[in-house]
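To keep things clear, I will list the structure first and then write my remarks on it.
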Amino acid sequence: MASLLSFLLVIGICVMVHEYGHYITARFFDVQVHEFAFGMGPVVFQRKGKHTLWSVRAFPVGGFVRLAGMEEENEDETVEPGRAFYDKAAWKRFLILVNGSVANVLLALLLTAFFLSGHGVVNLEETVIGEVMEGYPAQAAGIVPGDRVLSVNGTSVETWRAMSAEIRQEAPKGPVLFSVRRGEEILSISAVILPDREQGIPLFGIRPGMKRFPLGEAFSSALSYTVNMSVEMIRGIVRWISGTEKVDVTGPVGIASMAGEAARKGLWTFLSFLALINLNLGLINLLPFPALDGGRLFFTAGEMLLRRRLPPKIENYIHMTGFFLLISLILYITWQDVVRLFRG
């Protein structure tokens with residue numbers, strides 16, 4: 001139940017943000033918006049606003065925005081002259097289509113910045129001790145959280161990785177001498193670090209601290225992270241399509257399982273998962289595949305270059321074919337998720 005509720009919350013937020021990106025841009029360019037719906041299926045509740053019908057549907061998975069002139073009008077709806085989607089210039093339609101994904105990416109960016117500022121990340125750039133593990137040499141030697149390791153057996157260390165490498169190198173030789181800053185004091189602490197029985201390597205028994213970023217730095221770091229993660233996702237998609245490398249692809253069942261696991265681990269883990277799913281949704285929707293926003297963007301970009309639109313019947317046929325292929329792919333991935341779930 002927790003996985004289902006977490007899944008519905010994640011998908012609900014992702015889809016509503018995506019659709020609102022389309023909606024607000026359409027309204028900015030004076031496109032008539034018939035309906036903004038949360039969920040799919042029969043209408044449970046609806047309210048007519050000044051410009052748009054707002055509705056809640058029976059199945060809280062997904063949602064949509066119905067724009068005038070896209071052949072989705074109900075019998076009692078009319079299209080006001082000059083306010084249909086295809087009445088607008090191609091560049092305006094391009095922005096309406098792309099801004100759904102832009103909204104998802106922006107939410108991912110904001111959530112990441114909030115995470116970096118409010119929770120922080122493991123600080124591997126410094127040698128500040130965040131946690132001393134019970135029963136290990138660090139505790140016996142008197143190391144406490146907040147200590148900063150300056151050197152290991154006389155070798156200066158500035159990063160956690162450099163310190164760890166130096167400890168592994170020096171521990172087999174005998175007692176290891178640490179120079180440690182504690183407040184205003186510089187302490188010399190000696191410890192014998194034997195190989196761990198399970199892992200077979202010397203373990204001092206310390207974990208790094210967390211680093212929280214000031215708000216401005218959190219945004220710049222979040223931007224860098226989002227760009228790097230986007231590049232890695234695109235590379236993963238290319239490798240998956242080309243078959244050059246095996247890439248794990250997860251569908252609704254897998255996402256539900258991961259959403260439930262993230263929720264159980266706490267708010268910060270859930271928010272980071274939500275950011276990742278938003279980024280995924282934003283990028284995948286930009287793929288030039290029929291039925292996705294990226295497919296429509298492809299045709300709109302072609303129209304902008306060639307100054308001529310593909311006949312609507314042909315374009316609709318291509319999108320319909322793409323839709324059936326997309327549904328088939330989702331069903332296949334979902335089946336794989338179910339098989340994986342039962343196999344444990």
Side-chain angles (χ1 to χ4, degrees), residues 11-41 43-57 60 62-110 278-279 281-320 322-323:
I11 294 301
I13 292 173
C14 290
V15 172
M16 288 300 98
V17 167
H18 183 91
E19 296 302 330
Y20 190 75
H22 291 315
Y23 170 80
I24 198 66
T25 313
R27 293 281 297 115
F28 181 80
F29 288 125
D30 196 36
V31 173
Q32 185 180 354
V33 182
H34 290 310
E35 182 181 3
F36 190 119
F38 172 73
M40 307 295 285
V43 175
V44 175
F45 169 81
Q46 62 182 19
R47 180 177 178 274
K48 180 67 176 177
K50 185 177 180 181
H51 304 284
T52 305
L53 178 68
W54 300 84
S55 66
V56 176
R57 303 290 178 126
F64 59 87
V65 170
R66 284 197 301 111
L67 304 180
M70 296 191 74
E71 300 183 6
E72 296 178 345
E73 276 74 31
N74 294 331
E75 292 182 1
D76 59 339
E77 292 174 336
T78 57
V79 179
E80 298 176 18
R83 297 192 66 203
F85 178 73
Y86 285 107
D87 288 339
K88 305 302 177 181
W91 67 270
K92 293 182 179 180
R93 285 184 271 126
F94 189 94
L95 289 177
I96 292 170
L97 291 169
V98 79
N99 277 353
S101 288
V102 169
N104 286 123
V105 174
L106 285 177
L107 179 59
L109 178 65
L110 290 172
N278 265 281
L279 187 58
L281 177 63
L283 293 177
I284 288 173
N285 251 290
L286 292 178
L287 291 176
F289 187 85
L292 295 178
D293 289 339
R296 297 184 183 277
L297 285 168
F298 178 81
F299 288 117
T300 307
E303 180 184 347
M304 292 166 66
L305 290 172
L306 302 175
R307 305 296 178 90
R308 183 172 55 186
R309 185 189 168 196
L310 193 71
K313 286 187 178 180
I314 296 177
E315 184 177 340
N316 289 339
Y317 175 78
I318 293 172
H319 287 309
M320 187 62 67
F323 176 77

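Worth knowing before you read on, the calculation uses all heavy atoms, side chains too, and leaves out hydrogens, waters and symmetry mates. For this chain, numbers begin at 1 and follow the sequence in order.
Taking CD of Glu77 as the start and CG of Leu53 as the end, the distance is 7.5 Å to the nearest 0.5 Å. Between the CG atom in Asp87 and the CZ atom in Phe29 there is a gap of 14.5 Å [rounded to 0.5 Å]. Residue Glu315 holds its CD atom at 11.0 Å from CZ of Phe298, rounded to the nearest 0.5 Å. With rounding to the nearest 0.5 Å, the separation of NZ in Lys50 from OG1 in Thr52 is 11.5 Å. Rounded to the nearest 0.5 angstrom, Asp30 CG and Lys92 NZ are separated by 8.5 Å. Remark: Leu287 CG to Leu297 CG distance equals 11.0 Å, nearest 0.5 Å.
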Practice problem: Evaluate side chain to side chain contact (heavy atoms under 4.5 Å, CB included) for Leu281 paired with Val17, printing each intermediate quantity in order. | Solution: CA-CA 11 Å; Leu281 177 63; Val17 167; over 6 Å; no
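Within the 4.5 Å cutoff, the side chain of Val33 has heavy atoms near those of the Arg27 side chain. Between Leu97 and Phe85 there is a side-chain heavy-atom pair separated by less than 4.5 Å. Counting heavy atoms from C-beta on, the side chains of Val102 and Thr25 never come closer than 4.5 Å. Between Asn104 and Asn285 the shortest side-chain heavy-atom distance does not fall below 4.5 Å.
Residue Ile96 comes nearest to His22 through the heavy atom pair O-ND1, 2.7 Å, listed as atom of the first residue, atom of the second, then distance. Here the shortest heavy-atom pairing between Ala68 and Val79 reads CB-CG1, 3.9 Å. Shown here for Val43 and Ser55, the closest heavy-atom pair between the two residues is CG1-CB, 4.5 Å. Nearest approach of Ile13 to Leu107, heavy atoms of both residues: CG2-CD2, 3.9 Å. What you find for Gly282 and Ser101 is that their closest heavy atoms are O-OG, 2.8 Å. The nearest pair of heavy atoms linking Asn278 to Cys14 is ND2-SG, 3.4 Å.
At least one donor-acceptor pair under 3.5 Å links the side chain of His319 to the backbone N or O of Ala291. Under the 3.5 Å distance criterion, the side-chain polar atoms of Arg309 are left unmatched by any main-chain donor or acceptor of Glu303. Under the 3.5 Å distance criterion, the side-chain polar atoms of Arg57 are left unmatched by any main-chain donor or acceptor of Gly63.
Sparse packing is recorded around NZ of Lys313, with 12 or fewer heavy atoms of other residues, nucleotides or ligands lying under 6.0 Å away. Crowding of Met320 atom CE: a count of heavy atoms from other residues, nucleotides or ligands under 6.0 Å not exceeding 12. More than 12 heavy atoms of other shown residues, nucleotides or ligands fall within 6.0 angstrom of atom CZ in Phe289. Atom CZ of Phe28 is surrounded by 12 or fewer heavy atoms from other residues, nucleotides or ligands within 6.0 Å.
Of the options Tyr20, Tyr23, Phe38, a ring-ring contact (aromatic ring centres under 6.0 Å, His included) to Trp54 is made by Tyr23 and by none of the others. Partner of Arg66 under the side chain to side chain donor-acceptor pair (under 3.5 Å) criterion, chosen from Gln32, Glu35, Glu73: Glu35.
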